[in-house]
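Each ligand, and each atom within it, is numbered from 1 in the order the structure gives. Predicted, not measured: the structure shown is a model, and the values here were computed from it.
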Amino acid sequence: MEGVRNYDAIVIGAGFSGLYAVYSLREAGFSVRALEKADGVGGTWYWNRYPGARCDVQSIEYSYSFSKEIQEEWEWTELMPAQPEIEAYLNFVADRLDLRKDIELSTRVTAMTFDESSNTWFIETDRGQNFVARWVIAGTGCLSEPLEPDLPGLDTFKGVQLFTNRFPKEGFDFTGHRVGVIGTGSSGVQCIPIIAEAADHLYVFQRSAAYSRPANNRPLRPGELEGVKANYEELRIKQRNAFAGLVSFGAVSFEGLKPPERRILETPIEERMKVLDELGWSAPAAWADVMFDLEANRAGTELYGELIRRVVKDPDVAESLVPHYPMGCKRQILDTGYFETFNRDNVTLVDLRKEPIERITANSVDTIRSSYELDVLVLATGFDAMTGALNRIDIRGRDGRTLRDVWTTEGPVSYLGLQVAGFPNLFTVTGPGSPSVLSNMVVSIEQHVEWITDCLVFLREHGLNTIEAEPDAQAAWVEHAASLVEGTIRNSEGCNSWYLGANVPGKKRIHMPYTGGLPAYRRKCDEVAATGYSGFSLS
Ligand code: FAD
Ligand code: NAP
């Protein structure tokens, strides 16, 4: 067909996944083209430019380990890097590895059809381009498809409307404005303290309170980075062997930490308070039973409430800030001055559990109780996570069946989070069913990209041109993953996390990320590869 370009592999996306996939496949001798809808590289760190956007994994760990040169040359400045620094890092990587020549920006993949006669994918873009490739590597991101919130009248708002997950490149000056923020997940919690400093008045519209604790971020000390670089491989090995691909979370190191032994339900209240004084924000989870027993979990939340009451002066506001759902059900948030923000005179917490939003008008957010007049509305309302970006592409596999149809009817099934039965030669980097968002994502991304590259080299060496997840292997993996979540806090009553797809109306309730940890998962993937890709049919 005229105008069709042929490559061994098409990579979708140019974030951490896409950039590494381009490099890795190119190094292995495949012809490769990446297609990215943004006009720059960086993925998450290109789109999420809201004030306060920051990683909560330490920079030295949230970075590629595959290139000694990059590791050596790049200079991190903070313990937990902010969005501009990570975006600059990924641009540095793209230049240093000369990746740009293989990436087409401002190019959205709209459709992909598997041709069963040639065992190749036919790929279409919004620029009218057509590609044919044997392999497609979807680095489309777990948190890349913004969720359009179902708020009546949102389109009638005449003030400035900003989404955290597609924040304008030129930024926005909140000075002197009446601002509303809807959403108090990680993004809301990060931007609220900074917007509060500039705004004339800030209204925080909270539906679910956040489990957040201080990040204790700081600049790296002189010599600190050099110390890490002198022995980087040791840290990288520890990361790869760690349950969540990290040695520390925020400023807290897990090294030498033993799992707690004491039980909160067996501890008198006065003693719990002593632990609180000793451990501060680490106290609520410092018990063996809190993450496994709902009653113990509620006691942990009580301690958490006490910590909030110690910071927030207005008792009613403090009470509203205490979550009503189980601790550990959603992602732990790290913040900088979040709870302190509610002591400011120019900040009002609007508790949507007490006064739900009725509608949004041209100049206000109206709840059943009051009308809040606004100049600017910030939506920190999250993502259609893990499946959203792929579902927006019309992906047709065997017999013309769409991936969207499979994931809508069966839930987000996959084999190892790497492939879906019926969609040969399509790999999903950090797909549902893999540890992905429950880990340091860079470690998981590297593991997937390396597994996929090795797999394609194996197929080439054996003269094979098709690999496809077997339905039975997929069903067994889905069942195994579900069995790990069954009866845990993550799937408990009252837990409505985006991990479960609960934030998207109509999405099947299945815990999407794999909870068994990276080491076990990596072992399974390695075993599958070592046994000639068991669970996949090759032809
Ligand atoms: P992304 O970075 O999401 O990149 C996917 C790319 O694919 C995007 O650029 C998108 O435009 C493109 N794309 C999607 N669909 C198409 C299409 N149809 N056609 C063309 N291009 C397409 N993880 C951590 O481990 N630690 C953290 O502290 C952390 N902080 C985060 C903070 C924020 C604000 C967010 C949103 C996520 C955070 N994450 C964090 C998760 C983060 O998404 C990953 O760490 C990582 O950046 C994902 O890289 P990726 O390349 O897989 O996906
Ligand atoms: P999120 O966690 O899904 O939070 C969305 C928020 O918007 C929730 O408080 C939600 O309330 C609220 N909301 C959604 N629709 C609403 C509506 N119609 N009315 C009122 N409130 C509504 O999204 P996010 O904050 O963007 O974070 C998503 C993920 O990205 C995080 O969990 C994390 O993995 C990653 N992230 C990480 C960092 C970091 O620190 N490293 C920063 C940002 C993001 P309900 O909870 O009641 O639904």
Atom indices of ligand 1 within 4.0 angstrom of Asn440 heavy atoms, with elements: 25 (O)
Checking heavy atoms under 4.0 Å, the part of Thr107 that sits near ligand 1 is backbone
Between Asp335 and Arg213, is there a side-chain N and carboxylate O pair less than 4.0 Å apart? no
Closest protein heavy atom to atom 23 (N) of ligand 1, given as residue, atom name and distance to 0.1 Å: Met441 CG, 3.5 Å
Taking all non-hydrogen atoms of both residues, which atom of Phe342 and which atom of Leu349 are closest, and how far apart? CE2-CD1, 3.6 Å
Looking at atom 19 (N) of ligand 1, what's its closest protein heavy atom, distance included? Val109 N, 2.9 Å
Output, in order, the C-alpha distance, side-chain angles, deciding distance and verdict of salt bridge (charged side-chain N to carboxylate O under 4.0 Å, His left out) for Glu78 and Arg218. CA-CA 6 Å; Glu78 289 186 276; Arg218 58 170 173 79; over 6 Å; no
In terms of atom number and element, which parts of ligand 1 are under 4.0 angstrom from non-hydrogen atoms of Gly13? 6 (C), 7 (O), 12 (C)
Give me the residue, atom name and distance of the protein heavy atom closest to atom 53 (O) of ligand 1. Gly141 CA, 3.2 Å
Identify the protein heavy atom lying closest to atom 43 (O) of ligand 1, giving its residue, its atom name and the separation to 0.1 Å. Thr44 OG1, 2.7 Å
Scanning both residues in full, the closest heavy-atom pair of Met112 with Ile12 reads SD-CD1, 3.8 Å
In ligand 1, which numbered atoms sit nearer than 4.0 Å to a non-hydrogen atom of Cys55? 27 (C), 28 (O)
Of all the atoms in ligand 1, which lie at a distance below 4.0 Å from a heavy atom belonging to Asn48? 34 (C), 36 (C)
Test of ring centre spacing under 6.0 Å for Tyr50 and Phe163: no
Output yes when Arg49 and Glu87 qualify as a salt bridge under the 4.0 Å nitrogen-oxygen rule, no when they do not. yes
Based purely on interatomic distance, does Ser144 place a nitrogen or oxygen under 3.5 Å from a nitrogen or oxygen of ligand 1? no
State the atoms of ligand 1, each with its element, that fall below the 4.0 Å cut-off from a heavy-atom position in Phe383. 36 (C)
Does Tyr50 reach ligand 1 with a nitrogen or oxygen that is under 3.5 Å from one of the ligand's nitrogen or oxygen atoms? no
Under a 4.0 Å threshold between the charged nitrogen and the carboxylate oxygen, would Lys238 count as salt-bridged to Glu255? yes
Residue pair Asp384, Lys507: steps toward the salt bridge (charged side-chain N to carboxylate O under 4.0 Å, His left out) verdict: CA-CA 9 Å; Asp384 182 353; Lys507 198 160 169 173; 2.8 Å; yes
Run through ligand 2 for me and note each protein residue having a heavy atom under 4.0 Å from it, chain first, then residue number. Tyr50, Arg54, Cys55, Asp56, Leu143, Leu151, Ile182, Gly183, Thr184, Gly185, Ser186, Ser187, Gln190, Arg207, Ser208, Lys330, Arg331, Leu352, Ala380, Thr381, Gly382, Phe383, Trp498
Minimum-distance protein heavy atom relative to atom 10 (C) of ligand 1: Glu36 OE2, 3.5 Å
When Trp45, Tyr62, Tyr46 are each screened for ring-ring contact (aromatic ring centres under 6.0 Å, His included) with Phe16, the one that passes is Tyr62
In the protein, which heavy atom is nearest to atom 4 (O) of ligand 1, and how far is it? Gly43 CA, 3.5 Å
With heavy-atom distances below 4.0 Å as the criterion, list the atoms of ligand 1 near Val57. 26 (N), 28 (O)
Sub-3.5 Å N/O-N/O distance, Phe16 and ligand 1: yes
Does the residue Tyr62 have a heavy-atom contact with ligand 1, meaning some pair of atoms that are separated by less than 4.0 Å? yes
Is the Phe66 ring parallel, tilted or perpendicular to the Tyr20 ring (thresholds 30°, 60°)? parallel
Closest approach of any protein heavy atom to atom 15 (N) of ligand 1, naming residue and atom: Thr140 CG2, 3.6 Å
If you apply the rule side-chain contact (heavy atoms from CB on, under 4.5 Å), what do you find for Leu25 with Trp135, and how did you get there? CA-CA 11 Å; Leu25 293 174; Trp135 320 111; over 6 Å; no
Going by heavy atoms, is Gly139 under 4.0 Å from ligand 1? yes
Nearest atoms (heavy-atom pairs only) where Leu99 meets Leu19: CD1-O, 3.6 Å
Does the pair Asp39 and Lys169 meet the rule for a salt bridge (charged side-chain N to carboxylate O under 4.0 Å, His left out), with working shown? CA-CA 11 Å; Asp39 67 3; Lys169 266 191 188 162; 2.8 Å; yes
Smallest heavy-atom separation, Thr184 atom then Val189 atom, equals O-CG2, 3.7 Å
Looking only at distance, does Thr430 have an N or O less than 3.5 Å from an N or O of ligand 1? no
Any N/O pair Arg54/ligand 1 closer than 3.5 Å: no
Do Thr125 and Thr107 have side-chain atoms, one donor and one acceptor, less than 3.5 Å apart? no
Parallel, tilted or perpendicular, judged at 30° and 60°: which one describes the rings of Tyr304 and Trp281? perpendicular
Let me know which of Thr361, Asn363, Asp366 forms a side-chain hydrogen bond (donor to acceptor under 3.5 Å, both in side chains) with Ser371. Asp366
Pick one of side chain, backbone, both or neither for how Ser439 approaches ligand 1, counting any non-hydrogen atom pair under 4.0 Å. backbone
Within reach of ligand 1, part of Ile12 (heavy-atom separation under 4.0 Å): side chain
Listed by chain and number, what are the side-chain hydrogen bond (donor to acceptor under 3.5 Å, both in side chains) partners of Glu124, not counting sequence neighbours? none
Look at ligand 1 and say whether Ser444 reaches it with a heavy atom at a distance under 4.0 Å. no
Report yes or no: does Val429 have a heavy atom closer than 4.0 Å to ligand 1? no
Assess whether a salt bridge exists between Arg331 and Asp56, defined as any Lys/Arg side-chain N lying under 4.0 Å from an Asp/Glu carboxylate O. yes
Counting non-hydrogen protein atoms only, what is the nearest one to atom 52 (O) of ligand 1? Give residue, atom name and distance. Ser17 OG, 2.6 Å
Check each atom of ligand 1 against the heavy atoms of Trp45 and keep those under 4.0 Å away; list them by number with element. 30 (N), 31 (C), 32 (C), 47 (O)
Just to be sure I read this right, does ligand 1 sit under 4.0 Å from the backbone of Tyr46, its side chain, both, or neither, counting only heavy atoms? neither
OH-OG distance between Tyr499 and Ser436, expressed to the nearest 0.5 angstrom: 9.0 Å
Atom indices of ligand 1 within 4.0 angstrom of Ile393 heavy atoms, with elements: 18 (N)
